[in-house]
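Inspection log for the structure reproduced underneath, given as structure tokens.
All chains are named by letter (A, B, ...) in the order of the sequence lines, taking the proteins before the strands, and each is independently numbered beginning at 1.
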Amino acid sequence: MSQITLTVDQVERAVEAGTTGTDLFGDRRDVVVVRVDGELRDLAAPLPDGAAVESVTIDSPDGLAVLRHSAAHVLAQAVQEVNPSARLGIGPPITDGFYYDFDVETPFTPEDLKALEKVMQRIVKEGQSFRRWDVTEEEARTVLAAEPYKLELIGLKGTADTEGASVEVGLGGLSIYQNVRRDGTVVWQDLCRGPHLPTTRLIANGFQLTRSAAAYWRGSEKNPQLQRVYGTAWPTKDELRAHLERLAEAERRDHRRLGAELDLFSFPDEIGSGLAVFHPKGGIIRREMEEYSRQRHIDAGYDFVNTPHITKSRLYELSGHLDWYADGMYPPMHLDAEVDDDGTVRRQGQDYYLKPMNCPMHILIYRSRGRSYRELPLRLFEFGTVYRYEKSGVVHGLTRARGFTQDDAHIFASREQMKSEIAAALEFVLALLKDYGLDDFYLELSTKNPEKFVGSDELWEEATETLRQVAVESGLALVDDPGGAAFYGPKISVQAKDAIGRTWQMSTVQLDLNLPELFDLEYQAADGTRKRPVMIHRALFGSIERFFAVLLEHYAGAFPAWLAPVQVLAVPVAEPFNAYVEDVVAQLRAQGVRAESDLSDDRFGKKIRTASTQKIPFVLIAGGEDAEAGAVSFRYRDGRQENGVPVAEAVERILAAIRDRVQV
RNA sequence: GCCGCCUUAGCUCAGUCGGUAGAGCGUCUCACUCGUAAUGAGAAGGUCAUCAGUUCGAUUCUGAUAGGCGGCUCCA
């Protein structure tokens, strides 16, 4: 027996040739695969001489992916057991779970999913093992002759176009994974690069099928749709339960639900899909958001402009929007045409479009007269409402609407000012986001797509480097998004994490090398020559409606006092104290606080409950003890209370919380 | 836009195997009500999304339309 040398979890060891991961880690149930010289491998694979071997546990990111991928295989086996005519698409692990695509005659129903879960449970309990079989292309084609989609993937192997199929075919050889019963019979098999769990038993009870939906084959809407089944899988039941609880929490925070519960906004059918109306309470939140933003923009040297909601087509022909984005725009209104009775056109009409973007309008303001270098940088800001004809299937509450208001600014600057303006814009944006209560960020830098760009390499290089420098100086994590830029310039976007860890793309700062060119923008430089300005697009909220939704979900409706529609609710312990309570409210109102009193004939406990469900930041309670002492009692949203606070101090405390924009 | 599901009172939902409907919350009225998440009684409130079709009869079955939900594709 020859010996080989392995480095096992950083320790060098001599072992017999043919040693496998199972031999090394068989006594550790949490080790599900091994990483051999950086590549994940099955535990059953013999380890090569000199290899560096690391254990990969089921709760590590790689281990979880393997668990979920194996769960996807079990799902596919279950589907084909129930319905042998189902053809297989792909089945990769995804965040928190997995999916598998099937070509089936009829889509899955919720009952189907329940039944499939039962079959999966049985397969899991059988303790089938995953056996790798390295095959030639010929063998693979023979084994998978009945699986047209798999054959297509085999044909794609090694080409650049394996997107979405990387779990089935890698760049190396082909392999098939067989599910083997304990008695050695092969129950099911699938084209797959692996690796997999040693046994289905590890899928234990920590999995669940969650939903089914259609998905285009290989992600293209030109391809047929397959039926996709989604599931989630975890190492333990407890983790599964925690995951389901996170989903439930996200649902409780859903801005569409909170919007109705707290009477903030609605989407009347009569107006149309994706078009919101803000109710008085939503209006207050929105006004506070806007007013604070407006003040900060004034302080930062922005000029305020206003532009119309519709325009003749000429503007968007010039800007190129009609070339690039006509599909996403509302169709035009054709106006002013005059036709004689005999059908001859007496006067040519005009097409008017609802505006999908503010920038061309702002450009026209810049271009309304000659500009001097002395005016630069010129920062034009507008809460500009735009309309985009989003496809019917994508409209989603306030986060994807058809009409929304951008806090949009365009900075016209000289090449020399470009760097400092981009830096200032990013700093401005980050500081402001923090004031709204988001403080966990990372940045994403979208760089040039070599296939699709305008402008000189030099300018791109300079702009990209500037964005990068500013990003690095901010001290935030920076993620590269190579090729992710729009054709007209690189972009930095701020990704914010909310209270339950979800990431939202927020602000963007984007350099535009294209529009100044198309509109032939100029300014007169100090030396008398005419020069072209650069243009920086930046939005903080992106869309006020969307930002509203993000804040609503982030705070779960419990806004900090400065944003809360009702900041204080005063509740008398009983009717005799109505007047006392009203007096306190009057004092607060005199200071500009949005204070109300609950003098309804509900009982005291009910009033507390009502205030609670309305998520009012300060509930002030007054009864005999308080009235005698000239005091009130605070009740906060978490149930905390503080009794006998002198009225003057209470007022001051509330004013301070509002002024300082703190959460209470 | 594509696939699937859904649409019954202001909200959340029962229900009718085809004979025009119910609950809880909310609203209104009355009574009750002195310490931190639901006092009691009563009342009002519905062309069962819309439009066609089948039927003696449609909220229920069929189809179309609109809106919603979950995905896919898209997101300047």
For the base of [N], is there a side-chain donor-acceptor partner from [X] under 3.5 Å away?
X      : N      : value
A/R603 : B/rC32 : yes
A/S633 : B/rG35 : yes
A/D626 : B/rG35 : yes
A/K391 : B/rU73 : yes
A/R388 : B/rC74 : no

Mind calculating the distance between [atom1] ([X]) and [atom2] ([N]) to the nearest angstrom?
X      : N      : atom1 : atom2 : result
A/L226 : B/rU73 : CG    : P     : 12 Å
A/K606 : B/rC25 : NZ    : P     : 8 Å
A/N643 : B/rC34 : CG    : C1'   : 14 Å
A/F102 : B/rC72 : CZ    : P     : 16 Å
A/D481 : B/rC75 : CG    : P     : 13 Å
A/Y330 : B/rA76 : OH    : P     : 18 Å
A/Q614 : B/rC25 : CD    : P     : 17 Å
A/W324 : B/rA76 : CH2   : P     : 12 Å

Return the nearest nucleotide to the side chain of [X]; candidates are [options].
X      : options                : result
A/R400 : B/rC75, B/rA38, B/rC3  : B/rC75
A/R609 : B/rA38, B/rU36, B/rA76 : B/rA38
A/A215 : B/rC3, B/rC72, B/rA76  : B/rC72
A/Q225 : B/rC72, B/rG67, B/rA76 : B/rC72
A/Y216 : B/rC3, B/rA38, B/rU73  : B/rU73
A/M357 : B/rA76, B/rC72, B/rC34 : B/rA76
A/Q227 : B/rA76, B/rC3, B/rG1   : B/rC3
A/D601 : B/rG1, B/rG70, B/rA31  : B/rA31
A/P356 : B/rA76, B/rG71, B/rA37 : B/rA76
A/A574 : B/rG35, B/rC34, B/rG70 : B/rC34

Indicate every side-chain donor-acceptor pair of residues 104-111 of chain A with a distance under 3.5 Å to a residue at least two apart or in another chain.
{"unit_1": "A/T109", "atom_1": "OG1", "unit_2": "A/E111", "atom_2": "N", "d": "3.4"}
{"unit_1": "A/T109", "atom_1": "OG1", "unit_2": "A/E111", "atom_2": "OE1", "d": "3.4"}
{"unit_1": "A/T109", "atom_1": "OG1", "unit_2": "A/D112", "atom_2": "N", "d": "3.0"}
{"unit_1": "A/T109", "atom_1": "OG1", "unit_2": "A/D112", "atom_2": "OD1", "d": "3.4"}
{"unit_1": "A/T109", "atom_1": "OG1", "unit_2": "A/D112", "atom_2": "OD2", "d": "3.2"}

- prompt: Counting only heavy atoms not in A/E251, do more than 12 sit closer than 6.0 Å to its CD atom?
  reply: no

- prompt: Is there a Watson-Crick or G-U wobble partner for B/rA31 with both distances under 3.5 Å, and which nucleotide is it?
  reply: B/rU39

message: Would you measure the distance from the P atom in B/rC69 across to the matching atom in B/rU54 and give it in whole Å?
response: 35 Å

By the 4.0 Å heavy-atom rule, please label [X] as base, sugar-phosphate, or nothing.
X      : result
A/R635 : base
A/E575 : base
A/H396 : sugar-phosphate
A/P107 : sugar-phosphate

query: Where do A/Q614 and A/R637 land on the side chain to side chain donor-acceptor pair (under 3.5 Å) test, with the steps shown first?
result: CA-CA 10 Å; A/Q614 288 301 303; A/R637 288 177 290 213; over 6 Å; no

query: Is it true that a side-chain atom of A/D498 and a backbone atom of A/I500 form a donor plus acceptor pair closer than 3.5 Å?
result: yes

Check: A/R68 side chain, A/A233 main-chain N or O, donor-acceptor pair, under 3.5 Å: yes

Test log, rule salt bridge (charged side-chain N to carboxylate O under 4.0 Å, His left out), inputs A/E249 and A/R252: CA-CA 5 Å; A/E249 174 61 21; A/R252 283 192 290 273; 2.9 Å; yes

